[in-house]
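The structure appears right after this line, and notes come after that.
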Amino acid sequence: METKEKTTIVLFSGDLDKAIAAFIIANGAAAYDHDVTIFFTFWGLNALRKDQKIAVKKGFVERMFGKMMPRGAGKLGLSKMNFGGMGPQMIKHVMKKHNALSLPQLIELAQEQGIRLVACTMTMDLLGLQAEELLDGVEHAGVAAYLGDATDAKVNLFI
């Protein structure tokens, strides 16, 4: 029995364009029948945040992080040419014009294809993010779990 190829991606960046690239690569790898894991750490976790505010008990510092970080895939800025928020609107317009999937649609497609979306538990603790604040279906694990996946993968990307 032939085993599937494996691809892992660490999404460290909270930039819209980098998150889009990560999900395009992940969905492409899944379409080629790879087992795919995206491990979200630090600012990359913002792509997994629910759009709406979730009532959870937090300390002062955790509440401040929550207020400063973008809530969800639709609120991420660009790595270059952000222009005070106009850049993301322009890129979203161009993507729609060319019938490209939006980041929320790419995330949904990834979940439909069985791509594992794994939130780094250490970073969740550091930033004060709780499981209830993240999209449904997201797994929670530490770096050891990522390394276990990456050890067997032929493709390992850090974005």
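Computed from a predicted structure; not experimentally measured.
- Between E5 atom CD and D152 atom CG the span is 11.0 Å, to the nearest 0.5 Å.
- Residues I20 and M95 have side chains in contact (heavy-atom distance under 4.5 Å, counting atoms from C-beta outward).
- Note: the hydrophobic cluster containing V56 does not contain L135 (ILVMFWY, side chain heavy atoms under 4.5 Å, direct or indirect links).
- At least one side-chain heavy atom of D149 sits less than 4.5 Å from a side-chain heavy atom of R116.
- Contact between A119 and M124 at its shortest, heavy atoms only, is CB-SD, 3.7 Å.
- Shortest non-hydrogen contact noted between T8 and A153 is CG2-CB, 3.9 Å.
- Linking Ile, Leu, Val, Met, Phe, Trp and Tyr whenever their side-chain heavy atoms come within less than 4.5 Å puts M68 and L16 in one cluster.
- A heavy-atom distance below 4.5 Å is found between the side chains of L117 and I107.
- Q113 places none of its side-chain heavy atoms less than 4.5 Å from the side chain of V36.
- Transitive grouping of hydrophobic side chains (ILVMFWY, heavy atoms separated by less than 4.5 Å) brings L147 and V10 into a common cluster.
- Note that CG of L157 is 7.5 Å distant from OG1 of T7, once rounded to the nearest 0.5 Å.
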Could you go step by step and tell me if M90 and L78 meet the side chain to side chain contact (heavy atoms under 4.5 Å, CB included) rule? CA-CA 10 Å; M90 290 174 11; L78 290 177; over 6 Å; no
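- Side chain of R71 to main chain of R49: no donor-acceptor pair is present (N/O by atom type, distance under 3.5 Å, no hydrogens or angles).
- I38 and A26 get closest at one heavy-atom pair: CD1-CB, 3.6 Å.
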Using side chain to side chain contact (heavy atoms under 4.5 Å, CB included), reason through Q89 and K92 one step at a time and then give a plain yes or no. CA-CA 5 Å; Q89 295 309 316; K92 288 174 187 177; 4.0 Å; yes
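- V94 and L76 fall into different hydrophobic clusters, where Ile, Leu, Val, Met, Phe, Trp and Tyr residues are linked whenever their side-chain heavy atoms come under 4.5 Å apart, directly or through other members.
- Nearest approach of G77 to D17, heavy atoms of both residues: O-OD1, 4.3 Å.
- One distance of note links CD1 of I9 with CZ of F23; it measures 8.5 Å at 0.5 Å rounding.
- The shortest distance between side-chain heavy atoms of E133 and K58 falls below 4.5 Å.
- Contact detail for L127 and F42: the closest heavy-atom pair is CD1-O, 4.0 Å.
- Applying side chain to side chain contact (heavy atoms under 4.5 Å, CB included) to C120 and the options F12, F39, F40 leaves one that passes, F39.
- Here K18 contributes atom NZ and F158 contributes atom CZ; the two are 9.5 Å apart, rounded to the nearest 0.5 Å.
- At most 12 heavy atoms of other shown residues, nucleotides or ligands fall within 6.0 angstrom of atom CE in M81.
- Here the side chains of Q105 and L109 are not in contact, with every heavy-atom distance at 4.5 Å or above.
- Between D136 and K50 there is a salt bridge, since a side-chain N of the basic residue sits under 4.0 Å from a carboxylate O of the acidic one.
- Note that the CG atom of D51 and the CD1 atom of I54 stand 9.5 Å from one another [nearest 0.5 Å].
- Between the N46 side chain and the M69 main chain, no donor and acceptor come within less than 3.5 Å of each other.
- Side-chain contact between W43 and D15: absent, with no pair of heavy atoms (C-beta onward) separated by less than 4.5 Å.
- Between the CD1 atom in I24 and the CG atom in L106 there is a gap of 5.5 Å [rounded to 0.5 Å].
- The shortest heavy-atom contact between A22 and L11 is CB-CD1, 4.0 Å.
- Ion pairing between D35 and K6 fails under the 4.0 Å rule for side-chain N and carboxylate O.
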